[in-house]
Amino acid sequence: MADLNTLTIAEARDRLRAGDVTARALTEACLTAIDGADALNSVVHKTPEKALEMADAADARLKSGDAPALCGIPLGIKDLFCTRHVDSQAGSRILQGFRPEYESTVTRQLWDSGAVMLGKLNMDEFAMGSSNETSTYGNAVNPWKVDDRKLTPGGSSGGSSAAVAADLCLAATGTDTGGSIRQPAAFTGTVGLKPTYGRVSRWGIVAFASSLDQAGPMTKSVRDAAILLQAMAGHDPLDSTSADIPVPDFEAALTGDIKGKTIGLPREYRMEGMSDEIDRLWAEGRKMLEDAGARIVDVSLPHTKYALPAYYVIAPAEASSNLARYDGVRFGHRAKLDQGDGITEMYEKTRAEGFGDEVKRRVMVGTYVLSAGFYDAYYNRARKVRALIKRDFDEVFAQGVDAILTPATPTSAFGLGEMADSDPVAMYLNDVFTVTVNLAGLPGIAVPTGLDSKGLPLGLQLIGRPFEEGDLLNTAAELEARAGFVAKPERWW
Amino acid sequence: MSIDKDTAARVAKLARIRVEPDQLDALAGEFNTILGFIEQLNEVDVDGVEPMVSVTPQRLKRREDVVTDGNQPDKVLANAPDAREGFFAVPKVVE
């Protein structure tokens with residue numbers, strides 16, 4: 001019998017209900033796996049006592065017959081989510097020792113559904129990065145390995161993707177501002193869904209770029225993504241941008257039938273210099289959906305090229321505003337001050353010590369593009385381009401397209417440290433296929449569909465209509481079934 | 001547009017992040033790389049396009065203007081680096 005920590009949510013749920021396993025046994029299996037995986041540096045705050053307490057409570061609920069959807073399912077939580085009385089640092093030194101007095105809406109809903117918290121997961125500092133190398137905890141490491149090199153699990157949700165791929169948990173939460181769920185999922189052979197903007201409450205999640213941030217599930221299967229999204233989603237009066245619309249039954253949407261659906265392939269995503277492997281993967285995905293009865297059409301998203309530059313105005317601008325709160329007064333780190341230092345020195349020293357280089361860079365770029373004289377040239381222009389990017393998608397969907405198929409990433413996972421000498425823009429290019437989706441507020445999912453010649457996972461992305469995650473998940477499940485991706489990283493850690 | 005050392009220093013000041021003088025040249029260089037990348041936006045014809053305010057068409061919800069929270073100063077101060085007698089403590093602000 002396979003180890004319990006390798007189960008999917010759906011499998012564990014059925015076995016918990018059948019009385020075949022206990023939440024305690026599931027949780028213990030995950031805690032053992034976590035303790036044996038320190039080399040991955042994925043779980044950065046372990047909460048074993050809390051986990052066992054929650055597991056016992058879940059077992060009692062299961063026994064009494066009052067078992068909500070996720071009852072007894074052990075999860076890892078990205079460090080960006082505030083969890084009451086548990087360290088919540090957003091991967092930053094400036095929040096060292098921060099233990100919130102409140103629970104984020106998403107995690108509260110998960111615990112209300114009976115889920116069990118195993119611990120907090122590594123991530124790029126304030127979710128700014130694509131390789132988990134900007135974290136104050138050090139790099140998270142990809143469980144996939146094909147030579148001597150340690151590979152990135154992607155970012156910013158790198159601890160989450162590594163934990164799911166290495167079976168340290170049944171599933172994890174992630175957040176995605178420009179690709180931070182989908183790129184790490186693609187790098188680790190797991191499934192990552194970024195819901196429509198507004199589907200999931202942002203309350204209690206440390207803010208990076210508020211008009212782009214969205215939390216979502218990172219799982220071992222598309223079905224699990226549907227189950228976990230169900231528990232995360234819903235209107236929240238505490239987040240004025242959360243959508244006050246009904247949450248459909250996402251799992252029920254997995255009918256296995258996509259006959260007659262129209263799938264668009266955007267010609268602008270065929271980037272110059274794209275590797276043959278990615279090109280082949282994309283063609284195979286097209287064939288799989290065609291075989292499933294979908295109609296494939298070529299579509300055009302003419303402003304795709306401008307998505308990354310627009311993002312690198314809008315996201316830093318919002319970050320510079322959001323991160324103004326880290327001032328050494330109300331929470332987190334405060335620098336030691338010299339005799340005669342006033343409040344300005346306190347701010348400047350605290351922020352210089354507390355923020356890492358990438359965060360400083362983005363806060364300052366954001367400050368610059370918002371400063372008097374440049375606001376129109378940069379910030380307003382970027383918001384106009386963003387409107388055009390969204391219009392591109394609106395027009396494609398208006399033509400009757402149900403979902404759009406693209407590669408998830410330009411390459412497979414790269415080695416930790418390999419990008420150290422590149423300029424910051426080279427790292428930004430990781431998000432070239434994913435960032436458009438955040439700018440347009442759409443749902444997007446990365447599905448593992450194959451291995452490259454080195455033996456590393458590659459994924460495809462499906463982009464759906466706003467608030468139609470059910471339909472998107474159904475198409476993704478068909479792609480998953482036909483790709484038949486079952487490879488697992490060989491244990492070396 | 002090129003950013004020089006003085007502009008980099010001004011931006012760091014505005015962002016309230018201390019940058020040592022010997023690091024300003026490198027910082028200006030990084031800004032220029034990023035801004036060079038952003039310059040591509042100038043190729044786009046944005047005539048008559050409204051800047052996006054909200055990505056979803058819905059109007060922000062309103063609520064009654066009433067107190068919904070409060071009376072928990074201990075919790076508010078629990079994570080403060082320096083809290084005294086129910087207040088956040090900071091260095092002297094006014095002479």
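Below, read A as the first sequence line, B as the second, and so on, with proteins coming before strands; counting in each chain starts at 1.
Heavy atoms closer than 4.5 Å to chain B are found in both the backbone and the side chain of A:Val365. Residue contact with chain A, scored on non-hydrogen atoms closer than 4.5 Å, is absent for B:Arg62. Heavy atoms closer than 4.5 Å to chain B are found nowhere in A:Pro237, neither backbone nor side chain. Neither the backbone nor the side chain of B:Thr68 comes within less than 4.5 Å of any heavy atom of chain A. Heavy atoms of A:Ala440 lying under 4.5 Å from chain B belong exclusively to its backbone. Looking at A:Tyr428, only its side chain comes within 4.5 Å of chain B, counting heavy atoms on both sides. Proximity to chain A (any heavy atom under 4.5 Å) is shown, for B:Thr33, by both the backbone and the side chain. At a 4.5 Å heavy-atom cutoff, the contact between B:Asn42 and chain A is made by backbone and side-chain atoms alike. Using a 4.5 Å cut-off between heavy atoms, B:Leu27 contacts chain A through its side chain alone, with no backbone atom that close. Only the side chain of B:Val19 comes within less than 4.5 Å of a heavy atom in chain A; its backbone stays farther off. When heavy atoms are compared at a cutoff of 4.5 Å, A:Ser240 approaches chain B by way of both its backbone and its side chain.
No side-chain donor-acceptor contact under 3.5 Å links A:Asp392 and A:Thr304. Side-chain atoms of A:Ser201 and A:Asp236 include a donor-acceptor pair closer than 3.5 Å.
In this pair, A:Tyr311 and A:Phe208 present their aromatic rings perpendicular. The plane angle is above 60°, beyond the 30 to 60° band. Using cut-offs of 30° and 60° on the angle between ring planes, the pair B:Phe31 and A:Tyr368 is parallel.
Every residue meeting the salt bridge (Lys or Arg N to Asp or Glu O under 4.0 Å) condition with A:Glu348, not counting sequence neighbours, appears here in chain and number order: B:Lys13. Remark: B:Arg16 pairs with no residue by the salt bridge (Lys or Arg N to Asp or Glu O under 4.0 Å) rule, at least two apart or across chains. Considering only residues two or more places apart in sequence or on other chains, B:Glu50 meets the side chain to side chain contact (heavy atoms under 4.5 Å, CB included) condition with none of them.
Interface with chain A: from residues 78-87 of chain B, residues B:Ala78, B:Asn79, B:Ala80, B:Pro81, B:Asp82 qualify, criterion being any non-hydrogen pair under 4.5 Å.
Taking the six-membered ring wherever Trp is involved, the centroid distance between the rings of A:Phe467 and A:Tyr197 does not fall below 6.0 Å.
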